[in-house]
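Notes follow once the structure below has been shown.
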Amino acid sequence: MEPVPLAPLLLLHSGAARERLAGARDLEAMLAALVAGGRQAWPQVALTDERFLAHVGERLAPTDDPVETLRALHAGDLYLACACGAGNVAALAEFDRQYIARIIPPPSRDPINVEELRQSVRMRLLVGAEGQRPRIVGYSGGAPLANWLRVAVARVVVDIRRTVRPESPLDQGRELRAPAPDPELAYLKARYGREFEEAFDATVATLESREVSILQLFFMEDMTSKAIGQSYGVSDRTVQRWLAAIREKMMEDVHRRLAMRLKVSDTEMGSILNLVRSQVAIRLPEK
């Protein structure tokens, strides 16, 4: 019996990338290697070619080079994630054994129960909310599954801590402190500390979820920009640009809020901006 061609199975679900993929050389061989890589990594997980390649096609971003994306995919990781999203019992058991069972809470002054964390991750990633698919289907295969999971775990940790000790999501990273002793900044903190805190919290509340997640990973989990980039499937420099853009966005918004609230001279506002810069820019790289 002749094997079923794989390319049509992918193209049917590749959306805007279909046209660029249709003329790609060696597409069939590339897809055969992807399928073989998935099955070799997880021989105990049964997944049809059609389901796996539909999953792959749906995750091809229209702005990327789809051929290069296919070549760079972590086939085994994506195969397992696809099967978990489909509710495959063997895949769920392997994911639990190979990944969930190895999750350890990060060191903290507020210890988290390891089993509570693992169960929260299971519920977050493997159980779809009403009318929605499990979040693990959002893994696109561009970075190792372990890196993607690290980001997911960091978000769960933040949520657990927030329920135990409600606070602004960036409290640990933005404690009002100067990089070095400075009498002027100490005076400004004493005089305008409450206004700054309120403006800062209001600014954080306007950030997008991805921006907050990046700051949480950078500040609270001490992940480097390179590690964050691996988790998101982007370069180190891209993460640095993200951090710089977030810094500028926060500085401008905090400045605007303080300027509207405080009746001070231009000279004193300039000094207050130095306070803003000393706090918002802590550990965030310059452009």
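Along the sequence shown, the residues carry numbers beginning at 1.
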Which residues satisfy the ring-ring contact (aromatic ring centres under 6.0 Å, His included) test with Trp242, sequence neighbours excluded?
Tyr232
Measure across Ser120 and Val156 and return the closest heavy-atom pair with its distance rounded to 0.1 Å.
CB-CG1, 3.6 Å
Residues in side chain to side chain contact (heavy atoms under 4.5 Å, CB included) with Gln132, at least two apart?
Ala129
Which pair of heavy atoms, one from Gly76 and one from Ala41, lies closest together, and at what distance?
CA-CB, 3.8 Å
What one should report as the nearest heavy-atom pair of Leu10 and Leu53 is CD1-O, 3.5 Å
Atom pair CG/OG of Leu21 and Ser14 - distance to nearest 0.5 Å:
5.0 Å
Cationic N near anionic O, under 4.0 Å, Arg39 to Asp49
yes
Do Leu117 and Val121 make a side-chain contact, defined as non-hydrogen atoms from C-beta onward lying under 4.5 Å apart?
yes
Check this for me: Gln44, atom CD, are more than 12 non-hydrogen atoms of other residues, nucleotides or ligands nearer than 6.0 Å?
yes
Nearest-0.5 Å distance that lies between atom CG in Asn113 and atom CZ in Arg118:
9.5 Å
Salt bridge or not for Asp253 and Arg257, using N-O below 4.0 Å?
yes
With a 4.5 Å cut-off on side-chain heavy atoms, are Leu126 and Cys84 touching?
yes
Arg97 vs Arg102, test: side-chain contact (heavy atoms from CB on, under 4.5 Å). Steps then yes/no.
CA-CA 8 Å; Arg97 183 172 65 88; Arg102 299 180 181 182; over 6 Å; no
Do Leu70 and Leu60 have side chains that approach each other closer than 4.5 Å (heavy atoms only, starting at C-beta)?
yes
Can you name the closest pair of heavy atoms from Val67 and Ala24 and give their distance?
CG2-CB, 3.7 Å
Please check if atom CD in Gln98 has more than 12 non-hydrogen atoms from other residues, nucleotides or ligands closer than 6.0 Å.
yes
Taken to the nearest 0.5 Å, the spacing of Ile103 CD1 from Arg122 CZ works out to 8.0 Å
Take Thr238 and Ser235, measure what side-chain hydrogen bond (donor to acceptor under 3.5 Å, both in side chains) needs, and give me the verdict at the end.
CA-CA 5 Å; Thr238 295; Ser235 68; 2.9 Å; yes
Which atom of Glu94 lies closest to which atom of Leu80, heavy atoms considered
CB-CD1, 4.3 Å
Does Glu252 use its side chain to pair, donor to acceptor, with the backbone of Lys249 at less than 3.5 Å?
no
Any side-chain heavy-atom pair from Val56 and His13 closer than 4.5 angstrom?
no
How long is the gap from CG on Leu9 to CG on Leu31, to the nearest 0.5 Å?
8.5 Å
Mind checking whether Met250 and Leu207 have side chains closer than 4.5 Å, heavy atoms only?
yes
Given side-chain contact (heavy atoms from CB on, under 4.5 Å), test Trp148 with Ile136 step by step and report yes or no.
CA-CA 9 Å; Trp148 181 87; Ile136 195 168; 4.1 Å; yes
Over 60° means perpendicular and under 30° means parallel, so tell me whether Tyr99 and Trp42 are parallel, tilted or perpendicular.
tilted
Testing the basics here: between Ser140 and Leu73, what is the closest heavy-atom pair and its distance to 0.1 Å?
O-CD2, 3.4 Å
Donor-acceptor pair, Asp26 side chain versus Ala29 backbone, under 3.5 Å?
no
Quick check: are there more than 12 heavy atoms from other residues, nucleotides or ligands sitting under 6.0 Å from CD of Gln119?
yes
Walk me through whether Val137 and Arg59 qualify under side-chain contact (heavy atoms from CB on, under 4.5 Å).
CA-CA 9 Å; Val137 301; Arg59 274 141 199 82; 3.7 Å; yes
Beyond-backbone contact of Asp77 with Pro144, side-chain heavy atoms, under 4.5 angstrom
yes
To the nearest 0.5 Å, tell me how far Arg71 CZ sits from Asp65 CG.
9.0 Å
More than 12 foreign heavy atoms under 6.0 Å from CD of Glu50: is that the case here?
no
Taking the side chain as C-beta and beyond, is there a heavy-atom pair between Tyr79 and Val35 under 4.5 Å?
no
Would you say the side chains of Gln240 and Arg237 form a donor-acceptor pair under 3.5 Å?
no
Ignoring hydrogens and angles, tell me if any N or O in the side chain of Asn88 forms a donor-acceptor pair with the backbone of Ala46 under 3.5 Å.
yes
Going through the checks in order, is the side-chain contact (heavy atoms from CB on, under 4.5 Å) test met by Phe52 and Leu78?
CA-CA 9 Å; Phe52 179 51; Leu78 190 57; 4.2 Å; yes
Euclidean distance, Arg256 CZ relative to Met251 CE, rounded to 0.5 Å
14.5 Å
Contact check, side chains of Arg51 and His55, non-hydrogen atoms, under 4.5 Å
no
